[in-house]
Enquirer: 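Take a look at this one; I'll ask things after.
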Number of protein chains: 2
Amino acid sequence: MSYSKTKIAIVDDHALLRHGIQSLLQGLDDIEVIATASSGEEAVTLLTTHSPDIFLMDIMMKGMSGIETTRWIKEQSPTTRVILISSEVNKEYIAAGIKAGINGYLPKDSSREALVDSIHTVMKGERYFSPEVTALVFQDFYLKEKDGKGLPRQKTKVLSKREEEVLAHIASGKSLKETADELFISVKTVETHKQHIQDKLGLKNTALLVKYAIDNKLI
Amino acid sequence: MSYSKTKIAIVDDHALLRHGIQSLLQGLDDIEVIATASSGEEAVTLLTTHSPDIFLMDIMMKGMSGIETTRWIKEQSPTTRVILISSEVNKEYIAAGIKAGINGYLPKDSSREALVDSIHTVMKGERYFSPEVTALVFQDFYLKEKDGKGLPRQKTKVLSKREEEVLAHIASGKSLKETADELFISVKTVETHKQHIQDKLGLKNTALLVKYAIDNKLI
DNA sequence: GAAAGCATCAGGAATTCCCTGATGTTTTCC
DNA sequence: GGAAAACATCAGGGAATTCCTGATGCTTTC
């Protein structure tokens, strides 16, 4: 029987991880890495030039994030599968990912077996989530149902485009004034954005904000 | 001629990267990955149980950092080689690494060739630094020599004990008030310390101060 | 034993922080 | 398709911090 291998594209801004995953997938008879990209922007191009079956993509990337890129991909080609790779199992990322239409979510500390499993699973049209992710989602589901609509719903924790810009400026050491000038808005608006960011992420002050930005590779 | 392969241990808290590097090193006739560890603590154990020739170790790890672990390893066994892997080419990391006695420094976006090259180089007893790292270090050297003794000497960049305490507090997100209370001094004194720190290190504001603290693993 | 650094504190003006509140637009959801 | 939520923009005002200068006593260093 003649069939073609599953075509994989790997997207990550770290070459070593990119090549590492590629190596892990070598020698398998039904999987083939046909392309790699170092950014979301490149990935979008890859979609038309190589039409992979599955994108294995880091969620945290400079420039377009994995989530944004997924939205792009799904808009252009809803049947293309996307598996996001993340270094942390984070409720908000998972939620944003599901909303963007991902087919799988894989922690970075997964085994080769889990990686291959995830590819096989999403190729069958199913979704793949690691046990940790599943546990987290189910626990969250349980908690939400338990206290129902009585308690105030948790606010969104996904930053808007503008908020991310402001965050990047401030965390890079720009003052509010400098940030305002560079973004052509008033200082007051920058203040508000900064406040919203801190509220959304639960960060008490600038120091913690910078720490967050660094931890999440936003600068 | 009978000779043994170079024994490599890989240390990284991300399994995917760990296995990725391992895959990249497979099939080489003079290199063998004999062990992997997911933390600095494990690496120290590995040293006695497996006595590898070279540690390939991520600089950024939860718990013991790559630098700290290197110090440990070099104390126990000075002939064991250590190559640090970092996602960014950072002056302070490199300096701290050299001080700790690393044999090589490899950016995460290196090619497979560079990886293998680094292993061969350090096994010859030489140090391996990527072109970017070399460029950075030489530029720094040049700048230091250029302005000699004619210009006002750069102020000391060594923080006092107290200043480091204050820095750690502030960079961890403590307010001036909180810091003052915990150190049993007035807010004004904390302000002064903070100012001195910024002056010494040439940091314009809190954001840059936090970045410095994180870059230098002071928190 | 003078000079430099260290640790402590103060005054005061500029800036930032943090809260509330507002308006118009866009997105999302049922 | 219309209500609700999120987004982007701005303002007022009190509190906190930043960023200068300057001061005092104590320790370290050459």
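Quick note: numbers below take in every heavy atom, side chains included, and nothing from hydrogens, waters or symmetry partners. Letters go in sequence order (proteins before strands), and every chain restarts at 1.
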Enquirer: Can you tell me which residue among A:V33, A:I85, A:I8 is in a side chain to side chain contact (heavy atoms under 4.5 Å, CB included) with A:I21?
Expert: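 Output: one option passes, namely A:I85.
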
Enquirer: In chain order, what residues pass the side-chain contact (heavy atoms from CB on, under 4.5 Å) check against A:T49, with sequence neighbours excluded?
Expert: A:T45, A:L46

Enquirer: Taking atom P of D:dA8 as reference, at what distance in whole Å does atom CD of A:E164 sit?
Expert: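 Those two atoms, CD and P, are 11 Å apart.
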
Enquirer: Would you mind reading off the bend of the helix from C:dG1-D:dC30 to C:dC30-D:dG1 from its two end axes, five pairs each, to 10 degrees?
Expert: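 Computed from the C1' atoms at both ends, the axes differ by 60°.
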
Enquirer: A:I197 CD1 to C:dC18 P: how many Å, rounded?
Expert: 13 Å

Enquirer: Please list, chain by chain and in numerical order, all residues satisfying side-chain contact (heavy atoms from CB on, under 4.5 Å) with B:V122, sequence neighbours excluded.
Expert: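 Scan of B:V122 (side-chain contact (heavy atoms from CB on, under 4.5 Å), adjacent residues dropped) gives B:I54, B:R81, B:I83, B:N103, B:Y128.
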
Enquirer: Just the rounded figure in Å: distance from P of C:dT8 to NZ of B:K161.
Expert: 14 Å

Enquirer: So does B:S186 get a side-chain nitrogen or oxygen closer than 4.0 Å to the phosphate oxygens (OP1/OP2) of C:dC9?
Expert: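 Yes, such a contact exists.
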
Enquirer: Please report the distance, rounded to the nearest Å, between CZ in A:F184 and P in D:dC10.
Expert: 13 Å

Enquirer: Using a cut-off of under 3.5 Å, enumerate the N/O to N/O pairs linking the protein to nucleotides 24-29 of chain C.
Expert:
none

Enquirer: Strictly distance-based, threshold 3.5 Å: is any side-chain N or O of B:T70 a donor or acceptor partner for the main-chain N or O of B:G66?
Expert: yes

Enquirer: Between D:dC10 atom P and A:I185 atom CD1, what is the distance in whole Å?
Expert: 6 Å

Enquirer: Would you say a side-chain N or O of A:T189 is under 4.0 Å from OP1 or OP2 of D:dA8?
Expert: no

Enquirer: Assign a letter to each nucleotide of nucleotides 12-30 of chain D from its 5' end: B, base within under 4.0 Å of a protein heavy atom; S, sugar-phosphate only; -, no contact.
Expert: BB---SBB-----------

Enquirer: Got a sec, which pairs hit salt bridge (charged side-chain N to carboxylate O under 4.0 Å, His left out) with one end in residues 166-176 of chain B, sequence neighbours left out?
Expert: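 Sorted pair list: B:K174-B:E182.
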
Enquirer: When you measure from the side chain of A:E164 to the backbone N and O of A:K161, does any donor-acceptor pair fall under 3.5 Å?
Expert: no

Enquirer: Under a 3.5 Å distance rule, please check whether A:D30 uses its side chain to pair with a backbone N or O of A:K5 as donor and acceptor.
Expert: no

Enquirer: Given A:L84, which partner from the list A:D58, A:L56, A:I59 fulfils the side chain to side chain contact (heavy atoms under 4.5 Å, CB included) test?
Expert: A:I59

Enquirer: Can you give me the closest heavy-atom contact between B:G20 and A:S23, atom names plus distance?
Expert: O-CB, 4.3 Å

Enquirer: Between B:E191 and B:K188 (salt bridge meaning N to carboxylate O under 4.0 Å), is one present in this structure?
Expert: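 So B:E191 pairs with B:K188 through a salt bridge.
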
Enquirer: Please determine, by modelled atom types, if A:K204 and B:S175 share a side-chain donor-acceptor pair under 3.5 angstrom.
Expert: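 Short answer, no.
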
